[in-house]
Amino acid sequence: MNGTIDLQAESIYRGSLILVNREYGYRERAEDLAVQLSAAGREMTVRTLLQRRAALLLDSLMEVIGGWREIVPVSGWRSYREQKAIWEESLAESGREFTEKYVALPGHSEHQTGLAIDLGKRQEEIDFIRPDFPYTGICQSFRKKAAEYGFIERYPAGKEEITGIGHEPWHFRYVGIPHARIMQEKEMTLEEYISFIRQFPYGEAAYCVREGGREIEVSYLKAKEGCTRLELDPRVPYAVSGNNVDGFILTQWKNGQSGGQSRRYGEV
């Protein structure tokens, strides 16, 4: 029993796994945004807008660790206009070297997707560009559990040449499950993960992890001109995300073995 899904070419620019950096700009409009609420239930500023699923999972994580008592959202979704204003203001105040290190080009910022958030330790004064989010205390508790809720520290130390952005311990990106845990386990950036998954073309190979008693298969599907047709078993839960580069990442939650393709297992 098979089901057919037609993926339009422009769909590669949508989804929780899209790569947005200096090379690949954001081509869509952020959709399904939700206002993040504090633990006390008070609505925060417009800067805390996030894609709805990311917002719900962030709030769940904060509830588990009691995070909103000591952590504040500094910046979530931004419009192109706001990103442009931040870029220009930083250039004027801090110069080009600093700005290129810590501020993404307008049109190339993850904040425009609604999938990224900057967090800061609650204190009287918070630096909007570089908020304090140390590797200690409640901030580190958040960081350790982030992948369980689909978030990664997007710009880690030692990966600056790959990401094109300086080390930002405050910037977290929602990529979903199991991808965040795979990236954490393999110490991969999103750039590296996009390349890694290309080793597993759909129908030929899959990267497999076990989680919650089920097998999860991740594979890559190169986009075709016009429309890409995907044949799936409709009984198997799945998710598809564009990568904003050249194709799609397919995630399937399976109970048994798959026939006709090789499988590599990892740990999460």
Side-chain angles (χ1 to χ4, degrees), residues 1-19 28 30-32 34 50-61 64 113-115 145-152 173-186 188 190 193-268:
M1 183 188 302
N2 287 321
T4 301
I5 302 168
D6 289 332
L7 301 169
Q8 301 303 316
E10 60 270 20
S11 297
I12 73 167
Y13 308 125
R14 306 185 194 118
S16 59
L17 284 162
I18 55 173
L19 175 64
E28 295 292 303
E31 297 178 348
D32 194 27
L50 283 179
Q51 187 268 350
R52 187 170 299 275
R53 180 161 180 77
L56 290 172
L57 285 165
L58 176 63
D59 207 34
S60 296
L61 170 51
V64 167
T113 70
L115 296 166
K145 292 192 74 67
E148 296 177 31
Y149 292 81
F151 288 87
I152 57 168
R173 161 67 190 271
Y174 178 76
V175 294
I177 300 168
H179 312 286
R181 296 186 70 177
I182 297 172
M183 284 184 244
Q184 181 186 62
E185 175 69 24
K186 293 185 170 294
M188 285 182 175
L190 184 54
Y193 187 65
I194 295 294
S195 296
F196 172 73
I197 293 301
R198 286 199 190 96
Q199 300 177 62
F200 306 97
Y202 178 66
E204 299 176 25
Y207 185 76
C208 304
V209 294
R210 292 187 176 93
E211 189 174 76
R214 302 190 73 177
E215 287 191 352
I216 306 175
E217 293 185 359
V218 184
S219 54
Y220 163 75
L221 185 65
K222 185 173 178 60
K224 296 179 181 178
E225 194 171 327
C227 179
T228 304
R229 179 153 290 183
L230 181 61
E231 301 287 343
L232 290 171
D233 184 340
R235 297 168 297 184
V236 177
Y238 73 93
V240 179
S241 172
N243 63 13
N244 200 42
V245 180
D246 59 3
F248 305 94
I249 295 176
L250 172 66
T251 310
Q252 295 178 285
W253 285 262
K254 296 194 171 185
N255 288 316
Q257 294 289 324
S258 297
Q261 64 180 14
S262 63
R263 296 148 67 83
R264 185 192 301 180
Y265 283 87
E267 297 295 330
V268 296

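Computation of the quantities below employed the complete heavy-atom set of this structure, encompassing side-chain atoms and omitting hydrogens, waters and symmetry-equivalent molecules.
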Q8 and G226: which non-hydrogen atoms are nearest, and at how many Å? OE1-O, 3.6 Å
How long is the span from the CG atom in L58 to the CZ atom in F151, to the nearest 0.5 Å? 4.5 Å
Y202 and F248: aromatic ring centres closer than 6.0 Å? no
If I take atom CD from residue E10 and atom SG from residue C227, how far apart are they, to the nearest 0.5 angstrom? 9.5 Å
Does L19 have any side chain to side chain contact (heavy atoms under 4.5 Å, CB included) partners at least two apart in sequence or in another chain, and if so, which? N21, Y24, R154, L190, E191, I194, V245
With sequence neighbours excluded, what pairs up with K222 under the salt bridge (charged side-chain N to carboxylate O under 4.0 Å, His left out) test? none
Pairwise side-chain contact, R229 with T4, heavy-atom cut-off 4.5 Å (strictly under): yes
Residues in salt bridge (charged side-chain N to carboxylate O under 4.0 Å, His left out) with R214, at least two apart? none
Please check this pair: side chain of R173 against backbone of S16, looking for a donor-acceptor N/O pair closer than 3.5 Å. yes
Heavy-atom distance under 4.5 Å between the side chains of Y174 and L50, does that happen here? no
Under the criterion side chain to side chain contact (heavy atoms under 4.5 Å, CB included), I'd like the reasoning laid out for V209 against R181: C-alpha separation, chi angles, the key distance, then a yes or no. CA-CA 10 Å; V209 294; R181 296 186 70 177; over 6 Å; no
Quick one, V175 and L17 - any side-chain contact, counting heavy atoms below 4.5 Å? yes
Using the side chain to side chain contact (heavy atoms under 4.5 Å, CB included) rule, pick out the option among I216, L232, V218, V240 that qualifies with Q252. L232
Who are the salt bridge (charged side-chain N to carboxylate O under 4.0 Å, His left out) partners of E148, not counting sequence neighbours? K145
Return the CG to OG distance between L250 and S219, rounded to the nearest 0.5 Å. 4.0 Å
Please enumerate all residues that pass salt bridge (charged side-chain N to carboxylate O under 4.0 Å, His left out) together with R53, with sequence neighbours excluded. none
Would L221 and L7 count as a side chain to side chain contact (heavy atoms under 4.5 Å, CB included) here? Give the steps. CA-CA 10 Å; L221 185 65; L7 301 169; 4.1 Å; yes
Could you give the distance from NZ (K254) to CZ (R235), rounded to the nearest 0.5 Å? 10.5 Å
Out of the candidates E185, Q184, K186, only one should pair with M188 under the side chain to side chain contact (heavy atoms under 4.5 Å, CB included) rule; please name it. K186
CD1-OG1 distance between I182 and T251, expressed to the nearest 0.5 angstrom: 8.0 Å
Residue pair G3 / P234: nearest heavy atoms and the distance that separates them: N-CD, 3.6 Å
Between CZ of F196 and CD1 of I249, what distance do you get to the nearest 0.5 Å? 11.0 Å
Tell me, please, which residues at least two apart from Y193 pass ring-ring contact (aromatic ring centres under 6.0 Å, His included). H179
Smallest separation among heavy atoms of A180 and A147, with atom names: CB-O, 3.7 Å
Between A223 and I12 the two heavy atoms that sit nearest each other are CB-CG2, 3.7 Å
Tell me, with the steps shown, if D246 and R198 meet side chain to side chain contact (heavy atoms under 4.5 Å, CB included). CA-CA 10 Å; D246 59 3; R198 286 199 190 96; 3.1 Å; yes
For a quick test of reading the model, state the closest non-hydrogen atom pair linking W253 to I177 and the distance between them. CZ2-O, 3.7 Å
